[in-house]
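We name chains A, B, ... by the order of the sequence lines, and we start the count at 1 in each one.
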Amino acid sequence: MIARQTLAIFLDGYRELNARKLFWIAIILSGLVVVSFALIGSRDGNLSIAMWRTPLPLAALGFTTETLYKLLFIQFGVGFWLAWVSTILALVTTSGMIPEFVAGGAIDLTLSKPIGRVRLFLTKYAAALLFVALQVTTFTAACFVVLGLRGGSWEPGLFLAIPIMIAFFSFLYCVSALVGLLTRSTIAALILALLFWFMLFIFNTADAGLALQTSLAQQRAHRAEQRVQAIEASLADRQDQSGEGIVNRIKSSVAEGVDNDRLQRAIDIRESADEDVLALERWHNRILTAKAVFPKTNETIALLRRSLISAAELDDIYGANSAFQQEQFEAHVPEDRREQLEEHESWADPEQQSRAARQTEAEFRSRSVPWVLGTSLGFEAVILAICCWIFARRDF
Amino acid sequence: MPSEDQLVIDIDAVSKTYGGGVRALRDVELRVHPGEVFGLLGPNGAGKSTLVKILMTIVRPSDCKGRMFGAPIGDKAALSRVGYLPEHLRFPDYLTGEQVVDHFGAMAGVPRAARRRRSAELLETVGMLDWRDTRVGKYSKGMKQRLGVAQSLINDPDLVLLDEPTDGVDPLGRKEIRDIIARMKDNGKTVFVNSHLLSELELICERVAIMVKGEVVQQGAIEDLTEASRRYEFRVSVGENQDENALIAQAIDLNDGSIEYTPGVVRTTVSDVHAIQPMIDALRARGVTIHAIRPTRSSLEDLFMSAVKDGGGNPGGVRNKRSRKTRKGAGR
């Protein structure tokens with residue numbers, strides 16, 4: 001009986017989605033994304049779109065055709081299309097499912113059947129996740145074929161996107177379900193779920209931004225420290241080498257004055273960078289503490305990248321990218337200007353940026369899967385427990 | 001009379017107080033026997049739907065001592081033997097008629113093959129077979145009600161609870177629903193009808209309960225409930241030059257509380273046919289011509305109006321507030 005009822009609820013969920021135009025619009029848009037995905041390729045070592053060869057050298061940027069496709073799938077297909085556009089469409093489509101389910105006249109019949117309320121609610125909730133499950137499965141299967149045919153790599157790991165995206169969506173949808181259950185309003189359920197998502201976005205942006213800025217500040221402090229040591233060594237040498245005679249002493253004194261000024265500036269920069277590091281770390285810890293109880297949406301999506309692109313592969317890409325950017329930097333920024341920029345430490349060159357990005361990536365990768373998924377699923381479990389408690393006790 | 005173990009619904013005391021202190025039900029006591037058509041009457045707001053919803057686990061009682069099919073009220077497993085048609089029914093607009101019946105059949109645990117077979121039969125029974133592939137969103141209210149009746153029977157239930165089944169249905173449809181209920185009874189099913197349409201209930205119910213302000217004030221067989229209102233009516237006349245009033249007064253004691261006289265008609269609240277024989281003799285002895293003697297009794301509507309008016313005070317009706325022991329002695 002349990003299997004029959006579960007199947008009936010899922011079938012009903014599918015019929016409900018099937019009746020909504022937005023579901024099919026999302027499927028068609030997914031198809032277009034896959035087509036555009038298939039149009040991108042490699043031609044004579046350069047990136048090509050359809051039959052046109054672009055001047056972007058893939059090899060110089062550290063990409064093979066396979067990694068290019070994988071990164072496109074991760075960054076654009078999942079990171080942008082599924083994690084943003086498709087999720088918004090899914091929230092718009094499914095926000096009404098719980099409010100309509102508990103509406104007067106509609107719920108009575110279902111509750112009168114031999115099925116417990118908690119099981120009924122949880123099955124209905126799972127059925128609402130069908131939208132994402134169907135979208136992601138279709139999209140991933142199509143991308144799998146494209147990657148196999150165009151990229152020459154049949155990568156079953158792509159299908160990890162299905163559980164990851166369902167989990168990601170469920171972190172948001174549980175809030176929509178709770179609000180929908182409490183208010184019986186589709187609009188309220190949608191708006192509050194979007195606001196919750198926005199709040200997570202702010203946390204994630206602050207987390208990533210602070211991690212990057214902390215890394216940059218640490219590099220600045222490190223370089224300032226190196227400069228201080230170099231100037232101090234230079235001053236010590238000068239004192240040792242200062243010869244006899246008034247001219248030499250005057251020359252030495254002038255040079256010493258200049259070095260002292262440089263030393264003071266370098267010390268100031270180092271102290272300022274140290275202070276920045278401390279302040280940034282303090283804020284970053286606060287954000288991480290606040291984030292701890294909420295779903296880790298960014299990290300959840302990033303699990304796919306962690307699974308499909310190894311740290312070494314990513315390092316190669318970062319390295320090649322950085323070298324390419326450095327070449328461009330050196331070709332376009334004169335040497336004296338570069339020294340000036342370096343002196344003031346107010347601007348990070350491509351090498352620094354790349355190092356900071358790698359460090360940030362490493363920090364995100366160091367966050368364990370049990371922590372990422374455990375705390376997120378824990379949050380969802382708490383919200384669902386509240387939903388079940390309300391649903392089980394409510395008079396309809 | 002069935003034993004307590006055989007009762008389909010056996011409620012000793014059900015109470016419901018909603019948030020804000022609104023008492024919807026107060027110690028409701030109710031019995032429904034197997035194979036009967038039972039009617040629950042009451043004005044709007046009496047608590048009828050709340051009681052039905054408690055039986056169907058849609059509303060949680062504040063206090064409940066009762067059983068359905070021998071299981072405590074609220075037991076989900078017992079619901080697999082029940083079919084239900086709610087008031088203000090609303091089906092998902094995206095489903096067709098056949099899908100509605102199939103879906104709720106599956107939710108009731110009916111195997112797929114049985115659902116397929118029965119859904120066609122039931123849709124035909126309620127006259128909706130031609131509409132089975134049309135989405136419910138295009139149905140009229142009456143059509144939805146018929147579909148509701150069909151889905152309530154998909155699990156071949158032993159008990160069918162119909163909450164305002166003729167609501168929104170045209171007279172022809174009402175007749176059809178009455179016929180369906182009659183067929184259910186013929187098939188041995190117990191039917192519990194909740195309605196405020198007294199004429200409908202009088203036609204189909206054997207036993208009724210009247211609810212007023214959250215309490216069952218009367219319940220029993222319609223025959224028993226109206227027995228106390230049974231009386232005899234004499235249509236009489238006298239000769240052209242005779243004073244009807246004087247002759248009648250000579251024949252019978254008009255001051256007796258059981259006699260009521262209006263020109264041409266004498267009514268007595270005596271319900272025993274033997275007891276009226278002396279009255280017939282007395283009238284005949286005074287030369288009063290008796291055209292007809294007709295036994296009469298209150299209609300369900302009279303009973304209902306009386307119960308609502310005085311909160312249950314019925315001339316001789318079976319009051320609900322009795323001890324368990326006394327009630328056991330009351331026959332159907």
Engineer: Pick from A/I107, A/L111, A/L11, A/L120: which one has the most heavy-atom pairs with chain B under 4.5 Å?
Structural biologist: A/L111
Engineer: More than 12 foreign heavy atoms under 6.0 Å from CD1 of A/I2: is that the case here?
Structural biologist: no
Engineer: Is it true that atom CD1 of A/I187 has more than 12 heavy atoms of other residues, nucleotides or ligands lying nearer than 6.0 Å?
Structural biologist: no
Engineer: At a 4.5 Å cut-off on heavy atoms, which part of A/L7 comes close to chain B: side chain, backbone, both, or neither?
Structural biologist: neither
Engineer: Between B/L161 and chain A, which part of the residue has a heavy atom less than 4.5 Å away: side chain, backbone, both or neither?
Structural biologist: neither
Engineer: Does any heavy atom of chain A fall under 4.5 Å from the side chain of B/V110, the backbone, both, or neither of them?
Structural biologist: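 Only the backbone of B/V110 comes within 4.5 Å of chain A.
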Engineer: Of the non-hydrogen atoms in B/L79 and A/P114, which two are nearest, and what is the gap between them?
Structural biologist: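 Heavy atoms of B/L79 and A/P114 come nearest at CB-N, 4.2 Å.
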Engineer: Write out all chain A-chain B donor-acceptor pairs shorter than 3.5 Å, or none if the list is empty.
Structural biologist:
{"from": "A/R4", "atom 1": "NH1", "to": "B/G109", "atom 2": "O", "distance (Å)": "2.6"}
{"from": "A/Q5", "atom 1": "NE2", "to": "B/M107", "atom 2": "O", "distance (Å)": "2.7"}
{"from": "A/D12", "atom 1": "OD1", "to": "B/Y94", "atom 2": "OH", "distance (Å)": "3.1"}
{"from": "A/D12", "atom 1": "OD2", "to": "B/Y94", "atom 2": "OH", "distance (Å)": "3.2"}
{"from": "A/E16", "atom 1": "OE1", "to": "B/Y94", "atom 2": "OH", "distance (Å)": "3.4"}
{"from": "A/G105", "atom 1": "O", "to": "B/R90", "atom 2": "N", "distance (Å)": "3.2"}
{"from": "A/D108", "atom 1": "OD2", "to": "B/K53", "atom 2": "NZ", "distance (Å)": "3.4"}
{"from": "A/L111", "atom 1": "O", "to": "B/T57", "atom 2": "OG1", "distance (Å)": "3.2"}
{"from": "A/L111", "atom 1": "O", "to": "B/K76", "atom 2": "NZ", "distance (Å)": "2.6"}
{"from": "A/I115", "atom 1": "O", "to": "B/K76", "atom 2": "NZ", "distance (Å)": "3.3"}
{"from": "A/R117", "atom 1": "NH2", "to": "B/T57", "atom 2": "O", "distance (Å)": "2.8"}
{"from": "A/R117", "atom 1": "NH2", "to": "B/I58", "atom 2": "O", "distance (Å)": "2.9"}
{"from": "A/R393", "atom 1": "O", "to": "B/R60", "atom 2": "NE", "distance (Å)": "3.2"}
{"from": "A/D395", "atom 1": "OD1", "to": "B/R60", "atom 2": "N", "distance (Å)": "2.7"}
{"from": "A/D395", "atom 1": "OD2", "to": "B/K16", "atom 2": "NZ", "distance (Å)": "2.5"}
{"from": "A/F396", "atom 1": "N", "to": "B/I58", "atom 2": "O", "distance (Å)": "3.2"}
{"from": "A/F396", "atom 1": "O", "to": "B/K53", "atom 2": "NZ", "distance (Å)": "3.3"}

